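Computed from a predicted model, the values in this text were never measured in an experiment.
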Amino acid sequence: MRGTRRALATALVLTALAAAALLAWSYLRGRPQDLPWAPLDLGQPVGLFTGRKLAALADAPARCAVLLAQAGVRYEAVPARRPPESRCGYDSAVRLEDGGARRIALAPASVAVACPVAAALAVWEWDVVAPAAQRHLGARVSRIEHLGSYSCRRLYGRSGGGWSEHATANALDVAGFRLDDGTRVSVLRDWRGDGAKAAFLRDVRDGACTVFATVLSPDYNAAHRDHLHLDQAARGATGWRACR
């Protein structure tokens with residue numbers, strides 16, 4: 001019994017020391033977004049816990065909408081969609097609109113996504129996509145081309161098994177990017193190789209892993225050879241992330 005108490009006390013002390021060290025490190029760097037308890041601010045650079053906080057917005061749709069508005073992201077709330085006798089549908093999806101704080105359009109523009117996906121797309125644009133385009137291509141991305149979000153289906157279109165995140169509009173499949181000079185960067189065509197386009201695509205994939213719960217690319221399997229799958233799957237308290 002005494003040994004158990006000693007071990008528990010040691011664990012509590014170590015936890016407190018780790019929290020204090022994290023707080024001091026964050027304070028010295030001027031990065032409150034690195035703290036797990038700091039409120040999420042979409043306008044701040046990506047921190048250590050940004051991805052988990054974005055995914056957690058699934059349980060706080062009103063808070064998600066407030067964060068979008070505070071960050072200057074223009075959007076339209078989409079009416080709930082609940083097909084009868086189905087596990088599919090959504091309650092708090094939004095349609096991102098042009099203008100405001102975002103500079104990169106979605107094509108097609110009519111797509112509706114779950115609010116946490118929309119919030120992550122805005123952060124991904126600002127902190128990952130735009131800088132990577134300048135770094136590798138010396139250009140600005142004008143459009144993100146996608147294959148859609150909502151699709152009432154199970155994983156990989158199977159007749160049984162788990163439901164896809166697409167079934168609740170909690171995912172978006174990105175097929176490519178259009179630059180302001182008209183150049184297209186395609187996941188299907190440009191992923192392989194050592195050129196600037198391939199480097200850009202890998203950078204935006206890696207950066208997406210910091211703000212989305214799941215990122216699947218052509219490196220994962222043949223089913224993703226032509227797109228980047230981005231979603232905000234709920235994975236409980238541990239918040240583990242899938243990045244391939």
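- Hydrophobic clustering places L67 together with V128 (ILVMFWY residues linked when any side-chain heavy atoms are closer than 4.5 Å, directly or through intermediates).
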Run the side-chain contact (heavy atoms from CB on, under 4.5 Å) test on R235 and T214 for me, step by step, so that the C-alpha distance in whole Å, both residues' side-chain angles and the decisive distance to 0.1 Å come before the verdict. CA-CA 10 Å; R235 296 199 173 95; T214 309; 2.5 Å; yes
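- Side-chain atoms of Q33 do not come within 3.5 Å of backbone N or O of D41 as any donor-acceptor pair.
- In terms of the side chain to side chain donor-acceptor pair (under 3.5 Å) criterion, residue partners of D203 (sequence neighbours excluded) are, by chain and number, R135, H136.
- In the hydrophobic clustering of ILVMFWY residues, with side-chain heavy atoms under 4.5 Å counting as a link, V204 and V46 come out together.
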Full working for side-chain contact (heavy atoms from CB on, under 4.5 Å) between Y75 and E97: CA-CA 5 Å; Y75 70 94; E97 298 179 339; 5.5 Å; no
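- The CH2 atom of W124 sits 6.0 Å away from the CG atom of L228 when rounded to the nearest 0.5 Å.
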Decide yes or no on side-chain contact (heavy atoms from CB on, under 4.5 Å) for R102 and L96, but give the supporting numbers first. CA-CA 9 Å; R102 294 180 55 255; L96 292 172; 3.8 Å; yes
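- One finds no salt bridge joining R184 and D190 here, because no Lys/Arg side-chain nitrogen approaches an Asp/Glu carboxylate oxygen to under 4.0 Å.
- A distance of 5.0 Å separates CZ in R178 from CZ in R143, rounded to the nearest 0.5 Å.
- Contact between W126 and L42 at its shortest, heavy atoms only, is CZ3-O, 3.4 Å.
- To the nearest 0.5 Å, atom CG of residue L137 and atom OG1 of residue T183 are 8.5 Å apart.
- Checking side-chain atoms of E125 against main-chain N and O of R103 turns up a donor-acceptor pair under 3.5 Å.
- Clustering ILVMFWY residues whenever any of their side-chain heavy atoms sit less than 4.5 angstrom apart, transitively, puts L35 in a cluster other than the one holding L40.
- Looking only at distances, a side-chain donor or acceptor of S149 sits under 3.5 Å from a matching main-chain atom of A171.
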Given side-chain hydrogen bond (donor to acceptor under 3.5 Å, both in side chains), test S217 with R202 step by step and report yes or no. CA-CA 9 Å; S217 71; R202 292 180 181 279; over 6 Å; no
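- In this structure a side-chain-to-backbone donor-acceptor pair under 3.5 Å is present from K53 to A38.
- Between the side chain of N170 and the main chain of A114, no donor-acceptor pair closer than 3.5 Å is present.
- Between L68 and A119, the shortest heavy-atom distance links the atoms CD2-CA, 3.8 Å.
- Listed here is the closest heavy atom pair of C209 and R241: O-NE, 3.3 Å.
- Annotation: the span from L230 atom CG to L172 atom CG amounts to 6.0 Å, rounded to 0.5 Å.
- Going from atom CD1 of I104 over to atom CG of D98 covers 11.5 Å, rounded to the nearest 0.5 Å.
- Considering all non-hydrogen atoms of both residues, A169 and Y150 come closest at N-CD1, 3.9 Å.
- Between H227 and H229, the two ring planes are perpendicular [angle over 60°; tilted spans 30° to 60°].
- Note that CG of D219 and CZ of R205 are 5.0 Å apart. Values are rounded to the nearest 0.5 Å.
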Given the rule in the side-chain contact (heavy atoms from CB on, under 4.5 Å) test, do L201 and F177 qualify, once you have shown the distances and angles that lead to the verdict? CA-CA 9 Å; L201 288 172; F177 304 82; 3.8 Å; yes
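- Other residues sharing a hydrophobic cluster with Y220 under the 4.5 Å side-chain heavy-atom criterion for ILVMFWY residues are L155, Y156, L216.
- Annotation for G47 and D34: closest pair CA-OD1, 3.2 Å, computed over non-hydrogen atoms.
- In terms of modelled atom types and a separation under 3.5 Å, the side chain of E145 and the main chain of A107 share no donor-acceptor contact.
- Remark: H146 engages no residue in a side chain to side chain donor-acceptor pair (under 3.5 Å) (not counting sequence neighbours).
- Using modelled atom types, one side-chain atom of S86 and one backbone atom of C88 make a donor-acceptor pair closer than 3.5 Å.
- Counting heavy atoms of neighbouring residues, nucleotides and ligands inside a 6.0 Å radius, atom CZ of R140 exceeds 12 of them.
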